[in-house]
Amino acid sequence: MSNSPKPFCFNRSKVKAFVLGCDPTNESNKGKRVEIEFSFGIGKDARYFRQIMDNLNLIGLHLEDLFIQNLIVDYQEKDTTKNKSWKQDASRYIEERILEFKQVDPYRKLPVFLTSQVLYDVLLNDGEDHYTSTNLYNLHSIIPIPSDKNKLGWPLFPLYRHNRYKLLNWPEYLSKLKGANKN
């Protein structure tokens with residue numbers, strides 16, 4: 001496998017939130033792997049992060065406020081949605097992300113924005129009530145997902161990158177995220 005993309009961060013001492021993606025694998029170039037220098041292609045191809053950034057801007061966060069990384073940092077053989085072993089593989093990377101995030105936020109207070117439901121599925125502690133993305137966005141569960149209810153150990157906020165989850169379409173959820181960002 002080729003070099004893994006680096007996490008993106010302007011200044012680790014000024015981070016206000018983490019953004020967590022699945023993995024860097026992307027075959028949107030006519031079925032060929034798109035290789036990137038930084039997570040989500042930041043600095044090269046804005047299309048992979050544009051919607052996420054639009055949502056983050058709505059709650060008052062900007063690129064210079066973020067530490068952006070994938071749970072699995074290595075390119076995979078298949079895109080996340082086509083990779084039948086993704087959840088099992090991803091669970092092996094949780095401890096690495098914990099160690100990496102602790103270097104930035106040793107007290108585990110900063111929010112972690114999850115860009116996909118599959119991340120929620122992998123990170124939620126065993127035995128916890130599991131909610132659909134629609135239930136999460138309709139606030140039918142506790143948001144943020146408390147640090148003691150997930151394997152990462154940080155407060156988690158779904159902020160999915162799919163077009164359906166533009167925060168302007170979810171005004172109550174947007175309000176909740178704005179309120180949480182003021183803390």
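In this text the structure is predicted, and so the values were computed from the model without any measurement.
Remark: D105 pairs with no residue by the salt bridge (Lys or Arg N to Asp or Glu O under 4.0 Å) rule, at least two apart or across chains. With sequence neighbours excluded, the residues forming a side-chain hydrogen bond (donor to acceptor under 3.5 Å, both in side chains) with H62 are N57, listed by chain and number. Every residue was checked against the salt bridge (Lys or Arg N to Asp or Glu O under 4.0 Å) condition with K176, not counting sequence neighbours, and none meets it. With sequence neighbours excluded, the residues that form a salt bridge (Lys or Arg N to Asp or Glu O under 4.0 Å) with K16 are D65. Applying the salt bridge (Lys or Arg N to Asp or Glu O under 4.0 Å) criterion to E95, with sequence neighbours excluded, gives no partner residue. Judged as a ring pair (Phe, Tyr, Trp, His ring centres under 6.0 Å), and not counting sequence neighbours, the contacts of F113 are F157. Partners of Y165 according to the side-chain hydrogen bond (donor to acceptor under 3.5 Å, both in side chains) rule, which considers only residues two or more places apart in sequence or in another chain, are S133. Applying the side-chain hydrogen bond (donor to acceptor under 3.5 Å, both in side chains) criterion to S147, with sequence neighbours excluded, gives no partner residue. Applying the side-chain hydrogen bond (donor to acceptor under 3.5 Å, both in side chains) test to N11 and every residue at least two apart in sequence or in another chain returns S13. By the side chain to side chain contact (heavy atoms under 4.5 Å, CB included) test, L168 pairs with L58, L174, sequence neighbours left out. Among residues two or more places apart in sequence or in another chain, the side chain to side chain contact (heavy atoms under 4.5 Å, CB included) test is passed with N135 by Y131, T132, H140.
Sorted by first and then second residue, the salt bridge (Lys or Arg N to Asp or Glu O under 4.0 Å) pairs involving residues 128-139 (not counting sequence neighbours) are E128-K149.
Between Y160 and Y137, the angle of the ring planes lies from 30° to 60°, which puts this pair in the tilted group. Between F101 and F67, the ring planes are perpendicular. Angles over 60° get that label, and only those under 30° would be called parallel.
Atom CG of L61 and atom CD1 of I52 lie 13.0 Å apart (nearest 0.5 Å). Taken to the nearest 0.5 Å, the CG atom of L139 stands 7.0 Å off from the CD atom of E172.
Between L152 and L20 the shortest side-chain heavy-atom distance falls below 4.5 Å. Looking at K166 and Q51, their side chains come closer than 4.5 Å, going by heavy atoms from C-beta outward. Side-chain contact between L123 and I94: present, with at least one pair of heavy atoms (C-beta onward) separated by less than 4.5 Å. The closest side-chain heavy-atom distance from R164 to T134 is below 4.5 Å. Annotation: side chain of Y93 is not in contact with side chain of E100 (no heavy-atom distance under 4.5 Å). Looking at L63 and F49, their side chains come closer than 4.5 Å, going by heavy atoms from C-beta outward. A heavy-atom distance below 4.5 Å is found between the side chains of H130 and Y120.
The only option from L177, L119, L136 that meets the side-chain contact (heavy atoms from CB on, under 4.5 Å) definition with P158 turns out to be L136.
N70 and R97 make their closest contact through O-CD, 3.2 Å (heavy atoms, listed as atom of the first residue, atom of the second, distance).
Residue V112 is not grouped with residue I142 when hydrophobic side chains (ILVMFWY) are merged at heavy-atom distances under 4.5 angstrom, including chains of intermediate members.
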